[in-house]
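Positions are given from 1 along the sequence.
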Amino acid sequence: VQLVESGGGLVQPVGSLILSCAASGFTFSSATMSWYRQAPWKERDLVSTITNTWGNTNYADSVKGRFTISRDNAKNTVYLQMNSLKPEDTAVYYCKADLYVSRERRVHVYWGQGTHVTVSS
């Protein structure tokens with residue numbers, strides 16, 4: 001199983017970035033996908049989630065209206081479009097997959113290695 005994030009970098013305030021997370025080694029379309037972020041000296045927080053079947057989404061209050069999560073099951077990829085970026089969005093962004101395996105009656109959780117996003121002028 002592999003989750004590989006990309007698209008991070010340095011961006012000026014009010015700029016935009018698109019993060020991608022390419023998945024392999026599991027049935028991507030069956031997994032609920034999420035983006036988390038961890039700022040220096042802080043805990044890892046949930047940013048956004050998109051469900052498997054219906055593609056329902058939810059967002060942290062701090063990013064509502066600015067970030068958009070989406071997925072392309074044909075490409076096994078989940079995206080995070082980030083607009084109107086603020087310095088406080090600076091963090092390492094992680095991709096997470098939650099995959100329920102019915103025969104085991106448990107959820108398998110997979111994490112990517114993260115991609116750095118720095119918002120600074």
Side-chain angles (χ1 to χ4, degrees):
V1 172
Q2 198 169 20
L3 295 173
V4 179
E5 300 96 335
S6 61
L10 173 64
V11 62
Q12 292 187 342
V14 308
S16 298
L17 279 177
I18 301 176
L19 304 183
S20 300
C21 172
S24 61
F26 65 96
T27 306
F28 177 80
S29 60
S30 296
T32 291
M33 301 300 298
S34 301
W35 286 97
Y36 282 72
R37 68 184 181 186
Q38 187 167 19
W41 311 109
K42 294 188 176 180
E43 295 184 351
R44 191 174 297 188
D45 293 325
L46 176 64
V47 175
S48 183
T49 295
I50 185 166
T51 63
N52 50 2
T53 303
W54 302 107
N56 296 324
T57 60
N58 61 52
Y59 299 90
D61 287 342
S62 58
V63 306
K64 281 181 181 176
R66 301 188 298 122
F67 291 10
T68 302
I69 190 170
S70 62
R71 65 191 297 161
D72 186 337
N73 289 339
K75 296 183 177 180
N76 290 352
T77 302
V78 61
Y79 304 95
L80 187 67
Q81 171 74 53
M82 305 188 295
N83 298 327
S84 303
L85 283 161
K86 305 174 181 180
E88 51 264 42
D89 295 317
T90 295
V92 178
Y93 284 73
Y94 297 90
C95 175
K96 173 175 169 264
D98 290 274
L99 178 66
Y100 178 72
V101 180
S102 57
R103 68 180 182 276
E104 298 179 14
R105 297 184 181 181
R106 71 182 185 99
V107 176
H108 289 249
V109 179
Y110 307 115
W111 288 93
Q113 292 300 307
T115 185
H116 290 258
V117 172
T118 302
V119 184
S120 175
S121 55

Are there over 12 heavy-atom neighbours, none belonging to H108, within less than 6.0 Å of that residue's NE2? yes
Inter-residue atom distance Q2.CD - F26.CZ, 0.5 Å rounding: 10.5 Å
Just one of V47, V119, V117, I18 clears the side-chain contact (heavy atoms from CB on, under 4.5 Å) bar with M82, so which one? V117
Between the OG1 atom in T118 and the CG atom in L85, the distance rounded to the nearest 0.5 Å is 11.0 Å
d(L80 CG, L17 CG) to nearest 0.5 Å is 9.5 Å
Kindly indicate whether the side chain of W35, heavy atoms from C-beta on, has any atom under 4.5 Å from the side chain of C21. yes
Shared ILVMFWY cluster between Y110 and Y79, side chains joined below 4.5 angstrom? no
Considering residues, nucleotides and ligands other than R106, do more than 12 of their heavy atoms fall under 6.0 Å from its CZ? yes
Nearest heavy-atom contact between S30 and N52 is O-ND2, 2.8 Å
First locate atom CD of Q81, then atom CG of N83, and finally report the distance between them rounded to the nearest 0.5 Å. 4.5 Å
Members besides L46 in its Ile/Leu/Val/Met/Phe/Trp/Tyr cluster (side-chain heavy atoms under 4.5 Å): Y36, V92, Y94, Y100, V107, V109, W111
Distance-only donor-acceptor hits, side chain of residues 58-73, under 3.5 Å, sequence neighbours excluded:
{"from": "Y59", "atom 1": "OH", "to": "I69", "atom 2": "N", "distance (Å)": "2.9"}
{"from": "D61", "atom 1": "OD1", "to": "K64", "atom 2": "NZ", "distance (Å)": "3.1"}
{"from": "S62", "atom 1": "OG", "to": "R37", "atom 2": "NH2", "distance (Å)": "3.4"}
{"from": "R66", "atom 1": "NH1", "to": "S84", "atom 2": "O", "distance (Å)": "2.9"}
{"from": "R66", "atom 1": "NH1", "to": "D89", "atom 2": "OD2", "distance (Å)": "2.7"}
{"from": "R66", "atom 1": "NH2", "to": "S62", "atom 2": "O", "distance (Å)": "2.9"}
{"from": "R66", "atom 1": "NH2", "to": "D89", "atom 2": "OD1", "distance (Å)": "3.0"}
{"from": "R66", "atom 1": "NH2", "to": "D89", "atom 2": "OD2", "distance (Å)": "3.4"}
{"from": "R71", "atom 1": "NE", "to": "N73", "atom 2": "OD1", "distance (Å)": "2.9"}
{"from": "R71", "atom 1": "NH1", "to": "A31", "atom 2": "O", "distance (Å)": "2.8"}
{"from": "R71", "atom 1": "NH1", "to": "T51", "atom 2": "O", "distance (Å)": "3.0"}
{"from": "R71", "atom 1": "NH2", "to": "F28", "atom 2": "O", "distance (Å)": "2.8"}
{"from": "R71", "atom 1": "NH2", "to": "A31", "atom 2": "O", "distance (Å)": "3.0"}
{"from": "R71", "atom 1": "NH2", "to": "N73", "atom 2": "OD1", "distance (Å)": "3.4"}
{"from": "D72", "atom 1": "OD1", "to": "A74", "atom 2": "N", "distance (Å)": "3.0"}
{"from": "D72", "atom 1": "OD1", "to": "K75", "atom 2": "N", "distance (Å)": "3.3"}

Could you give the side-chain donor-acceptor pairs of residues 5-15 under 3.5 Å, partners two or more places apart or in another chain?
{"from": "E5", "atom 1": "OE1", "to": "Q113", "atom 2": "N", "distance (Å)": "3.1"}
{"from": "E5", "atom 1": "OE1", "to": "G114", "atom 2": "N", "distance (Å)": "2.9"}
{"from": "E5", "atom 1": "OE2", "to": "C95", "atom 2": "N", "distance (Å)": "2.8"}
{"from": "E5", "atom 1": "OE2", "to": "G114", "atom 2": "N", "distance (Å)": "3.2"}

Distance from H116 atom NE2 to T90 atom OG1, nearest 0.5 Å? 11.5 Å
Are there more than 12 heavy atoms of other residues, nucleotides or ligands under 6.0 Å from atom CD of E104? yes
